[in-house]
Amino acid sequence: MHSRPSHKRTGILALGLVATGSLVAAGPCDIYSSGGTPCVAAHSTTRALYSAYTGPLYQIRRASDSSTTTISPLSAGGVANAAAQDSFCASTTCLITVIYDQSGKGNHLTQAPKGGFSGPESNGADNLAAAVGAPVTLNGQKAYGVFVSPGTGYRNNAASGTATGDAAEGMYMVLDGTHYNGACCFDYGNAETSSTDTGAGHMEAIYFGTSTSWGTGAGNGPWVMADLENGLFSGSSAGKNTADPSITSRFVTAVVKGESNQWAIRAGDATSGSLSTYFSGARPSGYNPMHKEGAIILGTGGDNSNSAQGTFYEGVMTSGYPSDATENSVQANIVAAKYAVTSLTSGPALTVGSSISLRATTACCTTRYIAHTGSTVNTQVVNSSSTTALRQEASWTVRTGLGNSGCFSFESVDTPGSYIRHSGFELLVNANDGSLLFSQDATFCPVTGLNGQGNSLRSWSYPTRYFRHYNNVLYVASDGGVQDFDATSAFTDDVSWVISTGFA
């Protein structure tokens, strides 16, 4: 149980940019309230969604001592205090444990429990997101989003004030248009209170991804669709709606809203322009009336289907069916926030095209370097007198990240075209098959070494996980978890590497 954060709200306020960085005079929820459809849930790790909100945005827990802290806006209505997070999490790792509801309804999001599908945790719960996986800037000020890897999810099964039955509601979220997959289901919105599938019409949530199991849009995706349970819908039926386009924007505003026998999908670039309506019409067959239950989900399906991925920056749910005009004003507010990408790396810099070798810093193993034997990535004792074959096996060519150009991939010097990638959290050397999964699994973000030496190499697709040697074999490991190689002992040493010019 978490206490409600203190907050203040104002009435109708004019939309306008404030030069001091408090983003806008009227926040998204002020605008919804002015339109007669107030927020009943307001979640963001990047900024306040009311102009006068000064309460906590989210809570983080660090691995070094399991202590927690809350991150609040720098000022009323402003951007999150990312510097406070960076200071708190220095030389350790942090997870997002609570995403606070700014509406005053107490609809906070916490770790999703086991449902129809089990999560990766030992009790069947889902994973928590890394606090550092999705850095951005808003009007030049750094903040962090919620990077959802497969197996990650947040939920509130006892929400207050959210729509139930056939009651009207609206919702939006701002997301990363380049982070997705075809699995079920990267959702935000209304879901079952039991974490199980209770039938068609028991959900109403925004979905983003490339799933083709139910509805689709134009092209190959990704698409904004609605998860209404037992179907992802792009229009009036579980088929193709060519008016629902593939998304190409880096930052996306996605909207779903529904009332009695009427619903709509709208979306747009979150950094410029207006919203477009991709569908507006009657409910699909079997979905009128709706049977919404009022729970809130982020990152999973209603039954805890948790194989999808995506990145969430902010989102709200409303009471009542918002007008297009109200949503257009919210979109203008989001554009004025000026979401932008920022660096994913820190520490000693790497140079694309260079050959490097990586030395362990754990006291036991400072003569050992990352190498490979066949497809297995391991550590071996290597020096300038080693055989040519071993020196090549312990050398890696730095490439621009296959899955994200802000990070890097590491090509084997002795097996060109093959890269270090993770599979089942073990590091392997495999040939690039050109797939989205491979490119993401082969992308890593160097950051300042967690033990103060060199670099730690964080997985882009699972940012809770870092290159770690464990019994001389390499894994992507988290600081605590269900796997043996996630052991907390010596973690910061085992994931820190001194990078030098390659042996070959």
Side-chain angles (χ1 to χ4, degrees), residues 15-28 42-51 53-54 56-58 60 70-90 94 96 99-100 102 129-148 172-179 247-254 268-273 310-316 330-347 349 400-401 403-408 443 445-448 458 460 463:
L15 180 68
L17 187 65
V18 175
T20 61
S22 291
L23 289 192
V24 276
H43 303 110
S44 177
T45 57
T46 62
R47 64 170 181 149
L49 300 177
Y50 293 89
S51 63
Y53 186 80
T54 59
L57 302 175
Y58 62 105
I60 53 178
T70 56
I71 304 300
S72 299
L74 288 163
S75 59
V79 178
N81 187 351
Q85 173 178 306
D86 291 341
S87 176
F88 183 78
C89 300
C94 283
I96 298 172
I99 304 170
Y100 289 106
Q102 302 176 32
V132 295
V136 290
T137 61
L138 285 76
N139 277 293
Q141 295 177 301
K142 185 179 178 182
Y144 291 97
V146 183
F147 190 105
V148 173
Y172 85 84
M173 71 169 161
V174 177
L175 55 89
D176 180 347
T178 67
H179 184 205
I247 297 297
T248 58
S249 302
R250 171 58 175 82
F251 295 98
V252 180
T253 306
D269 187 330
T271 64
S272 66
T311 296
F312 173 91
Y313 301 110
E314 62 180 75
V316 311
V330 170
Q331 166 68 357
N333 172 281
I334 294 166
V335 170
K338 295 185 179 179
Y339 274 94
V341 298
T342 192
S343 177
L344 290 162
T345 64
S346 62
T400 300
N404 187 301
S405 62
C407 296
F408 299 94
T443 300
C445 306
V447 296
T448 301
R458 189 175 67 225
W460 177 81

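Below, all heavy atoms of this structure are taken into account, side chains as well, without hydrogens, waters or symmetry copies. In this chain, residues are counted from 1 in sequence order.
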Measure across [X] and [Y] and return the closest heavy-atom pair with its distance rounded to 0.1 Å.
X      : Y      : value
Gly401 : Thr443 : C-OG1, 3.9 Å
Pro56  : Thr70  : CB-CB, 3.9 Å
Ala80  : Ala143 : CB-CB, 4.5 Å
Gly406 : Leu344 : O-CB, 4.2 Å
Val174 : Ala270 : CG1-CB, 4.1 Å
Thr311 : Ala134 : CG2-CB, 3.6 Å

Thr137, Asn81, Asp86 screened by side chain to side chain donor-acceptor pair (under 3.5 Å) with Lys142, the one that passes: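 Only one option passes, and that is Asp86.
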Trp460 and Phe147 aromatic ring geometry - parallel, tilted or perpendicular at 30°/60° bounds: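 Aromatic pair Phe147/Trp460 classed perpendicular.
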Are [X] and [Y] side-chain neighbours, meaning at least one heavy-atom pair lies under 4.5 Å?
X      : Y      : result
Pro73  : Thr54  : no
Glu314 : Tyr172 : yes
Tyr58  : Val146 : no
Ile71  : Tyr144 : no

Donor-acceptor under 3.5 Å ([X] side chain, [Y] main chain):
X      : Y      : value
Asp269 : Thr248 : no
Ser44  : Arg47  : yes
Ser51  : Ala26  : no

What's the spacing between [X] [atom1] and [Y] [atom2] if we round to 0.5 Å?
X      : Y      : atom1 : atom2 : answer
Phe251 : Leu138 : CZ    : CG    : 8.0 Å
Met173 : Ile334 : CE    : CD1   : 12.0 Å
Leu57  : Gln102 : CG    : CD    : 5.5 Å
Gln141 : Thr342 : CD    : OG1   : 12.5 Å
Lys338 : Thr271 : NZ    : OG1   : 11.0 Å

Residue from Thr45, Ile96, Ile60 passing side-chain contact (heavy atoms from CB on, under 4.5 Å) with Gln85: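 Per the side-chain contact (heavy atoms from CB on, under 4.5 Å) rule, the option paired with Gln85 is Ile60, out of Thr45, Ile96, Ile60.
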Under the side chain to side chain donor-acceptor pair (under 3.5 Å) test, residues paired with Ser72 that sit two or more places apart: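 Partners of Ser72 under the side chain to side chain donor-acceptor pair (under 3.5 Å) test: none.
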With Thr253 via side chain to side chain donor-acceptor pair (under 3.5 Å) - residues at least two apart: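 By the side chain to side chain donor-acceptor pair (under 3.5 Å) rule, Thr253 matches Gln331.
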Steps toward side-chain hydrogen bond (donor to acceptor under 3.5 Å, both in side chains) verdict (Thr46, Tyr339): CA-CA 10 Å; Thr46 62; Tyr339 274 94; 2.8 Å; yes
